[in-house]
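Structure, as structure tokens:
What you see below is based on every heavy atom in this structure, not just the backbone, and it leaves out hydrogens, waters and symmetry mates.
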Amino acid sequence: MKTSAETEFRAFVVSSWPRMLRTARLLTGHHHDAEDLVQAALAKAYVKWERIQRTEDPDAYVWRIMINANVDRLRRMRAREWLTNRFPETAAPDRTDGLAQRSAIAEALDRLPAKQRAVIVLRYLEDHSETEVARLLGTRVGTVRSHTARALRKLRAEPGITGAGAGLAAAPAGGRTSEELHP
């Protein structure tokens, strides 16, 4: 890679890393998996960086690489049993309601299929429009809407999402309600 392209790639990584890591954390459900996902996406982008620079929106191109890498990761990890480091919830009330609510939302997102999770994360947590989400996922706006509707229907059925997290489950399919999602 040429020196100027490498310098521009480094600048891109520095400016995009926090947002990419946040999105990857929401997609994977685990901090370490998120770091691995972002690193894998950036490694693929590095190899193609000179071509990516010439695209209309390099940021969207790299986001698409990351989303595809996550889908590939999920295909490889299919297992009949899921090991967990979380203990079953106790009946006693917890003083950390905000943390419990965030945990419930994260667990509910973990149970969604990869495409539906990607749509919810990009649409409501990253605050992208339906058109932007469709472009990032390489699909049509109608597909984004149907994935959103299905995902919200599943989230509404989740018993652990109440209070501030109910904003996610009560969100209209076309509305932007990111402020309701961040307690």
Among all residues two or more places apart in sequence or in another chain, which pass the salt bridge (charged side-chain N to carboxylate O under 4.0 Å, His left out) test with [X]?
X    : result
R140 : none
D72  : R75
E107 : R86
D57  : R135

Rounded to the nearest 0.5 Å, what's the gap from [atom1] on [X] to [atom2] on [Y]? Could you check?
X    : Y    : atom1 : atom2 : result
L27  : R117 : CG    : CZ    : 7.0 Å
E50  : E8   : CD    : CD    : 9.5 Å
D36  : N70  : CG    : CG    : 11.5 Å
E130 : T148 : CD    : OG1   : 6.5 Å
T23  : E126 : OG1   : CD    : 3.0 Å
R123 : H147 : CZ    : NE2   : 14.5 Å

All side-chain contact (heavy atoms from CB on, under 4.5 Å) counterparts of [X], not counting sequence neighbours:
X    : result
R153 : R150
A34  : L21, A24, R25, T28
A106 : none
T131 : S129, V141

L112/L155 under side-chain contact (heavy atoms from CB on, under 4.5 Å): CA gap, chis, key distance, verdict: CA-CA 8 Å; L112 290 176; L155 291 174; 4.2 Å; yes

Close side-chain approach of K115 and V119, heavy atoms under 4.5 Å: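 Sidechains of V119 and K115: no contact.
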
Flag side-chain contact, heavy atom, 4.5 Å: L137 against R64: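 Side-chain contact under 4.5 Å: no.
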
hydrophobic_cluster_shared for V71 and L74, side chain cutoff 4.5 Å: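 No, no single cluster joins them.
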
Within one Ile-Leu-Val-Met-Phe-Trp-Tyr cluster: V13 and I65, side-chain cutoff 4.5 Å: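 Yes, it is one cluster - the side chains of V13 and I65 are joined through contacts under 4.5 Å.
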
Minimal non-hydrogen separation, L42 against F9, with atom names: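 Looking at all heavy atoms of both residues, the shortest contact is O-CZ, 3.4 Å.
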
Contact summary for P18 and V14, nearest pair of heavy atoms: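 P18 and V14 have their closest heavy atoms at CD-O, 3.8 Å.
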
So, using side-chain hydrogen bond (donor to acceptor under 3.5 Å, both in side chains) as the criterion, who are the partners of [X] when residues are at least two apart?
X   : answer
H31 : E35
D59 : R19
S15 : none

Check: L37 main-chain N/O paired with R73 side-chain donor or acceptor under 3.5 Å: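 Side chain of R73 to backbone of L37: no pair is present.
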
Sidechain-backbone polar pair: T7 side chain, T3 backbone, donor-acceptor under 3.5 Å: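 Judged by distance alone, yes, a pair lies under 3.5 Å.
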
With sequence neighbours excluded, residues passing ring-ring contact (aromatic ring centres under 6.0 Å, His included) with Y61: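 Y61 satisfies ring-ring contact (aromatic ring centres under 6.0 Å, His included) with no residue once adjacent residues are dropped.
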
Criterion side-chain contact (heavy atoms from CB on, under 4.5 Å) on W49 and E6, from CA distance to verdict: CA-CA 8 Å; W49 185 247; E6 188 170 317; over 6 Å; no

F12 vs I52, side-chain contact (heavy atoms from CB on, under 4.5 Å): CA-CA, chis, key distance, verdict: CA-CA 11 Å; F12 173 81; I52 292 172; over 6 Å; no

Derivation of the side-chain contact (heavy atoms from CB on, under 4.5 Å) call for I120 and L152: CA-CA 8 Å; I120 292 297; L152 290 176; 4.0 Å; yes

E158/K154 ion pair, N-O < 4.0 Å: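 So E158 does not pair with K154 through a salt bridge.
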
